[in-house]
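The first residue in the sequence is number 1, and the count goes up from there. We use all heavy atoms of the structure for the numbers below, so side chains are in, but hydrogens, waters and symmetry mates are not.
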Amino acid sequence: METVRPCGCKGIRTCLICEAEFDILKPDLASDLKKCQSYVYCPLCEKSWPGWDMNWYKQHPNHPGTPIDFPGVYIQLDFLKHHELQLLIKDLDSLPWDISQSGRRKQNYGPKTNFKKKKLRIGNFNGFPRNTKFVQEKLNEVKELEKFQTIEQCSLEYDPKRGASIDPHIDDCWIWGERIVTVNVLGDSALTMVPYRGNSEKYNLSYVENFKDTKLPEKDIVVRLPMPEGSLMVLYGAARYKWEHAVLREDVSSRRVCLAYREFTKPYLPDSKGNCSNESLEILEKAKKFW
């Protein structure tokens with residue numbers, strides 16, 4: 001149904017609330033994906049091993065089966081310590097949450113974007129909450145995030161009572177840069193990766209240089225990326241552009257809160273002479289502020 005519902009869902013997005021109220025039958029994506037050969041990525045050996053359960057990585061180094069490579073992902077376990085997590089979730093909950101789609105709530109700090117019309121404006125963006133500044137400072141210490149400047153910071157809450165999830169997708173490629181960053185603040189979960197075999201117009205993939213150069217596996221497989229509480233995940237390269245990622249409903253067993261970070265694509269960043277559009281320059285300056 002195409003109407004916006006009181007629960008926050010719209011279009012094909014649904015949660016347990018609107019599914020019950022409007023008698024909507026949501027396809028069982030997890031059951032379909034389990035029919036494919038599945039692998040679980042191990043952050044410790046950086047290989048993907050046969051299996052489905054996201055906790056199987058804890059068997060390291062005694063993984064059964066034959067692994068495959070899965071390039072374009074970096075996972076740092078215990079990126080945030082226990083006391084940092086406790087303080088952060090308390091501070092996030094002191095800020096207002098907005099209702100979102102698919103059973104989620106969000107706190108969004110960044111410019112206004114229209115992916116279809118490719119329009120960008122600053123809106124009411126004036127930087128980020130000061131109580132999250134230490135997280136961005138820790139991101140600066142990660143080698144894989146060299147010169148990363150946060151343009152959007154989004155807190156996302158997944159509530160199992162609402163059947164929270166996010167359908168397979170690729171983050172827009174017109175405005176958001178190569179590195180997709182997630183810090184898992186509360187609750188363990190998994191990111192489920194499936195090969196994308198559609199055309200390059202969807203997700204604005206036509207904006208990606210050398211998009212066709214990376215080969216996908218010949219058969220459909222599923223790669224599960226563990227997201228334990230306190231971990232950092234960075235998607236880039238093939239994992240960013242050639243695979244859709246999803247958070248399945250069955251992987252949200254308790255309240256989950258994460259922070260998602262986005263950077264600009266190259267056309268919106270200063271060139272070698274420091275020049276860029278007035279529009280993006282103003283946003284870049286605002287993104288340095290914490291209130």
Side-chain angles (χ1 to χ4, degrees), residues 8 74-115 120-142 144-159 162 164 166 171-172 175-177 179-189 191 227-235 247 252 254-265 268-269 279-291:
Y74 171 76
I75 299 175
Q76 181 177 327
L77 303 176
D78 300 318
F79 174 71
L80 294 181
K81 306 305 180 187
H82 182 67
H83 71 278
E84 293 175 319
L85 295 170
Q86 287 185 312
L87 179 62
L88 182 56
I89 193 63
K90 180 180 178 181
D91 287 338
L92 291 177
D93 280 337
S94 70
L95 299 168
W97 287 93
D98 296 324
I99 197 167
S100 186
Q101 299 190 66
S102 302
R104 303 188 305 272
R105 293 196 301 171
K106 65 181 180 181
Q107 299 166 339
N108 197 56
Y109 307 101
K112 298 293 185 181
T113 54
N114 187 315
F115 302 128
L120 175 70
R121 60 185 180 89
I122 195 165
N124 59 3
F125 176 49
N126 196 35
F128 308 105
R130 181 165 296 278
N131 53 26
T132 65
K133 183 178 181 180
F134 81 96
V135 183
Q136 291 198 31
E137 290 175 342
K138 288 177 73 75
L139 294 178
N140 294 333
E141 301 171 3
V142 178
E144 286 77 7
L145 295 175
E146 183 179 2
K147 296 182 179 179
F148 185 95
Q149 182 176 350
T150 298
I151 295 301
E152 181 185 68
Q153 175 183 295
C154 187
S155 313
L156 292 169
E157 179 199 63
Y158 291 73
D159 184 352
R162 295 168 60 91
I166 189 165
D171 284 35
D172 182 84
I175 194 66
W176 301 140
R179 291 167 293 187
I180 300 298
V181 180
T182 303
V183 176
N184 218 46
V185 181
L186 181 68
D188 298 336
S189 191
L191 200 65
M227 295 192 294
E229 186 172 285
S231 65
L232 164 72
M233 178 183 291
V234 183
L235 299 181
V247 176
V252 182
S254 61
R255 186 190 184 207
R256 178 193 176 229
V257 175
C258 68
L259 291 174
Y261 294 91
R262 304 291 179 261
E263 63 182 341
F264 268 156
T265 51
Y268 288 88
L269 292 171
E279 185 179 50
S280 58
L281 182 61
E282 183 180 7
I283 293 171
L284 287 163
E285 288 301 314
K286 291 284 187 180
K288 296 177 182 178
K289 296 182 178 181
F290 293 86
W291 40 264

J.: Tell me, with the steps shown, if Asn140 and Leu145 meet side-chain contact (heavy atoms from CB on, under 4.5 Å).
T.: CA-CA 7 Å; Asn140 294 333; Leu145 295 175; over 6 Å; no
J.: For the residue pair Leu235 and Thr182, establish whether any side-chain heavy-atom pair is separated by less than 4.5 Å.
T.: no
J.: For Met227 and Leu191, work out which heavy atoms get closest and say how close.
T.: CE-N, 3.7 Å
J.: Decide yes or no for Tyr268 and Ile283: does some side-chain heavy atom of the first lie under 4.5 Å from some side-chain heavy atom of the second?
T.: no
J.: How far does CE of Met233 sit from CD1 of Ile180, to the nearest 0.5 angstrom?
T.: 12.0 Å
J.: Could you list the residues that satisfy side chain to side chain donor-acceptor pair (under 3.5 Å) with Glu282, not counting sequence neighbours?
T.: none
J.: Report all side-chain donor-acceptor pairs from residues 122-130 shorter than 3.5 Å, counting only partners two or more places apart or in another chain.
T.:
unit_1: Asn126; atom_1: OD1; unit_2: Lys286; atom_2: NZ; d: 3.1
unit_1: Arg130; atom_1: NH2; unit_2: Phe290; atom_2: O; d: 2.7

J.: Determine whether Thr132 and Leu88 make a side-chain contact, defined as any pair of heavy atoms from C-beta on separated by less than 4.5 Å.
T.: yes
J.: What do the steps show when you test Leu232 against Ile75 for side-chain contact (heavy atoms from CB on, under 4.5 Å), and what is the final call?
T.: CA-CA 6 Å; Leu232 164 72; Ile75 299 175; over 6 Å; no
J.: For the backbone of Thr150 and the side chain of Gln136, can you confirm whether one donor and one acceptor N or O come within less than 3.5 Å of each other?
T.: no
J.: Do the side chains of Ile99 and Arg162 get nearer than 4.5 Å, heavy atoms only?
T.: yes
J.: Mind checking what makes salt bridge (Lys or Arg N to Asp or Glu O under 4.0 Å) contact with Lys138, not counting sequence neighbours?
T.: Glu84
J.: Can you sort out the partners of Arg121 under salt bridge (Lys or Arg N to Asp or Glu O under 4.0 Å), two or more places apart, ordered by chain and number?
T.: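 For Arg121 there are no salt bridge (Lys or Arg N to Asp or Glu O under 4.0 Å) partners, ignoring immediate neighbours.
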J.: Under the salt bridge (Lys or Arg N to Asp or Glu O under 4.0 Å) rule, collect the residues that match up with Asp91, sequence neighbours excluded.
T.: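 Checked Asp91 against salt bridge (Lys or Arg N to Asp or Glu O under 4.0 Å); zero matches.
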J.: The criterion is salt bridge (Lys or Arg N to Asp or Glu O under 4.0 Å); which residues satisfy it with Glu144, sequence neighbours excluded?
T.: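 Residues passing salt bridge (Lys or Arg N to Asp or Glu O under 4.0 Å) with Glu144: none at all.
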J.: Between OG1 of Thr113 and CD1 of Ile175, what distance do you get to the nearest 0.5 Å?
T.: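 Thr113 OG1 to Ile175 CD1: 7.5 Å, rounded to 0.5 Å.
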J.: What residues, two or more places apart in sequence or in another chain, satisfy side chain to side chain donor-acceptor pair (under 3.5 Å) together with Ser280?
T.: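 For Ser280, the residues satisfying side chain to side chain donor-acceptor pair (under 3.5 Å) (neighbours in sequence not counted) are Ser277.
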J.: Which residues pass the side chain to side chain donor-acceptor pair (under 3.5 Å) test with Lys147, sequence neighbours left out?
T.: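 Testing Lys147 for side chain to side chain donor-acceptor pair (under 3.5 Å), a comparison that skips the adjacent residues, returns none.
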J.: Is there a side-chain contact between Ser94 and Asn131 in this structure, where contact means two heavy atoms from C-beta onward sitting under 4.5 Å apart?
T.: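 Of all side-chain heavy-atom pairs linking Asn131 with Ser94, at least one is under 4.5 Å.
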J.: Could you measure the distance from the CG atom of Leu156 to the CD1 atom of Ile166? Nearest 0.5 Å is fine.
T.: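 Separation between the atoms: 7.0 Å.
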J.: Quick check for you: to the nearest 0.5 Å, what is the distance between Leu281 atom CG and Leu269 atom CG?
T.: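 Taking CG in Leu281 and CG in Leu269, the distance rounds to 11.0 Å.
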J.: Please report the closest heavy-atom contact between Ala164 and Gly103, naming both atoms and the distance.
T.: CB-O, 3.3 Å
J.: Provide the full list of salt bridge (charged side-chain N to carboxylate O under 4.0 Å, His left out) pairs with a residue in residues 97-108, sequence neighbours left out, each pair given once.
T.: Arg105-Glu157
J.: How close do Gln149 and Ala287 get, counting heavy atoms only, and between which atoms?
T.: NE2-CB, 3.9 Å
J.: With rounding to the nearest 0.5 angstrom, report the CG to NZ distance, Leu87 to Lys81.
T.: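 The CG atom of Leu87 sits 15.5 Å away from the NZ atom of Lys81.
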J.: Drop me the distance from Asn108's CG to Cys154's SG, to the nearest 0.5 angstrom.
T.: 4.0 Å
J.: Just to verify, what does Glu137 make a side-chain contact (heavy atoms from CB on, under 4.5 Å) with, not counting sequence neighbours?
T.: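 For Glu137 the side-chain contact (heavy atoms from CB on, under 4.5 Å) partners, ignoring immediate neighbours, are Lys133, Phe134.
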J.: Tell me every residue that passes ring pair (Phe, Tyr, Trp, His ring centres under 6.0 Å) with Tyr109, counting only those two or more places apart in sequence or in another chain.
T.: Trp291
J.: Pairs under 3.5 angstrom only: tabulate donor-acceptor contacts from the side chains of residues 256-265 to other protein residues two or more places apart or in another chain.
T.:
unit_1: Arg256; atom_1: NE; unit_2: Asn184; atom_2: OD1; d: 2.8
unit_1: Arg256; atom_1: NH2; unit_2: Asn184; atom_2: OD1; d: 2.8
unit_1: Tyr261; atom_1: OH; unit_2: Gln153; atom_2: OE1; d: 3.4
unit_1: Arg262; atom_1: NE; unit_2: Asp171; atom_2: OD2; d: 2.7
unit_1: Arg262; atom_1: NH1; unit_2: Val181; atom_2: O; d: 3.4
unit_1: Arg262; atom_1: NH2; unit_2: Asp171; atom_2: OD2; d: 2.8
unit_1: Glu263; atom_1: OE1; unit_2: Arg179; atom_2: NH2; d: 2.9
unit_1: Glu263; atom_1: OE2; unit_2: Arg179; atom_2: N; d: 3.1
unit_1: Glu263; atom_1: OE2; unit_2: Arg179; atom_2: NE; d: 3.0
unit_1: Thr265; atom_1: OG1; unit_2: Trp174; atom_2: O; d: 3.1

